[in-house]
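Each chain gets a letter, A, B and so on, in the order its sequence line appears, and its residues count up from 1. A quick note: this is a predicted structure, and the numbers were derived from the prediction, not measured.
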Amino acid sequence: EAEVAQSPRYKITEKSQAVAFWCDPISGHATLYWYRQILGQGPELLVQFQDESVVDDSQLPKDRFSAERLKGVDSTLKIQPAELGDSAMYLCASSFEQGLYEQYFGPGTRLTVT
Amino acid sequence: GEDVEQSLFLSVREGDSSVINCTYTDSSSTYLYWYKQEPGAGLQLLTYIFSNMDMKQDQRLTVLLNKKDKHLSLRIADTQTGDSAIYFCAGNQGGKLIFGQGTELSVKP
């Protein structure tokens, strides 16, 4: 069964360092989402891509976060510099198209900033 | 925008029914969803209901939607220890999922 792949699964970094996460969506899925889930809360959308274009990045802290999906397939989310408050689970999801299609989630990357 | 609220914890005995409740503010969500998250894992879609339906049953799962009160519930029949997880309800706002804070279900043998 096709799955969304994410790496690394766990990342520990010191504050002020740069960190990057990678996501490979299900093959053929045009829409890709990055969510942040703070412990004890539900996921919150950071950025949504349709193919290689950003559709929604209204909740992305653009002074330190960046996301790209250059070829419209896999995607990278970067934080530079990391802050203590960035400690969270970063979830990637994909769907066939944007709108009401089911979103399939990857296992997430657990980030700890020390 | 959409705001989704859930109770934080629920504890039941194995074999009992579990009912997880959710309230939402934006009635324009076309679909409402229930996701399950096991420890350290991503989210798994359990079921969903179209906004013009009142009830949907899928094996042990029953979803009830009260549009007037903007209340959504998930009933799990014959709850098993493997059902222990965090359950999230979510609304769909133009393709963007808005999640509640999750209900942690603990099933005691």
Heavy-atom distance under 4.5 Å to chain A: side chain of [X], backbone, both or neither?
| X | value |
| --- | --- |
| B:I86 | neither |
| B:Y48 | neither |
| B:Q37 | side chain |

Exercise. Between B:I49 and B:L74, is any pair of side-chain heavy atoms under 4.5 Å apart?
Worked result: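 Side-chain contact under 4.5 Å: no.
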Exercise. Does the distance from a Lys or Arg side-chain N to an Asp or Glu carboxylate O, for B:D78 and B:R60, drop under 4.0 Å?
Worked result: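 Salt bridge: no.
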Exercise. Do side-chain atoms of B:R75 reach the backbone of B:I20 as a donor and acceptor pair under 3.5 angstrom?
Worked result: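 Flag not set: sc B:R75 to bb B:I20 has no pair under 3.5 Å.
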Seminar exercise, completed: Of A:E102, A:R110, A:Q48, the largest count of non-hydrogen pairs under 4.5 angstrom with chain B goes to A:E102
Exercise. If you tally heavy-atom pairs under 4.5 Å against chain B, which of A:G108, A:P43, A:G42, A:P107 wins?
Worked result: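 Option with the greatest count: A:P43.
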Exercise. Checking heavy atoms, do the side chain of A:T109, its backbone, both or neither come under 4.5 Å from chain B?
Worked result: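 Neither part; nothing is under 4.5 Å.
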For this session: Counting only heavy atoms closer than 4.5 Å, note whether A:Q103 contacts chain B via side chain, backbone, both or neither.
Result: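 Interface part for A:Q103: both.
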For this session: Name the option with the most non-hydrogen atom pairs under 4.5 Å to chain A; the candidates are B:V4, B:I98, B:L97.
Result: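 Ranked by heavy-atom pairs under 4.5 Å with chain A, first place is B:L97.
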Exercise. Would a line drawn from the ring center of A:H29 to the ring center of A:Y104 be shorter than 6.0 Å?
Worked result: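 When the ring centroids of A:H29 and A:Y104 are compared, they turn out to be within the sub-6.0 Å range.
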Exercise. Ring centres of A:Y33 and A:F105 under 6.0 Å apart?
Worked result: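 They do not qualify: ring centres at least 6.0 Å apart.
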For this session: Report the relative orientation of the aromatic rings in B:F99 and A:Y35; use parallel for angles under 30°, tilted for 30 to 60°, perpendicular for over 60°.
Result: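 B:F99 and A:Y35: perpendicular rings.
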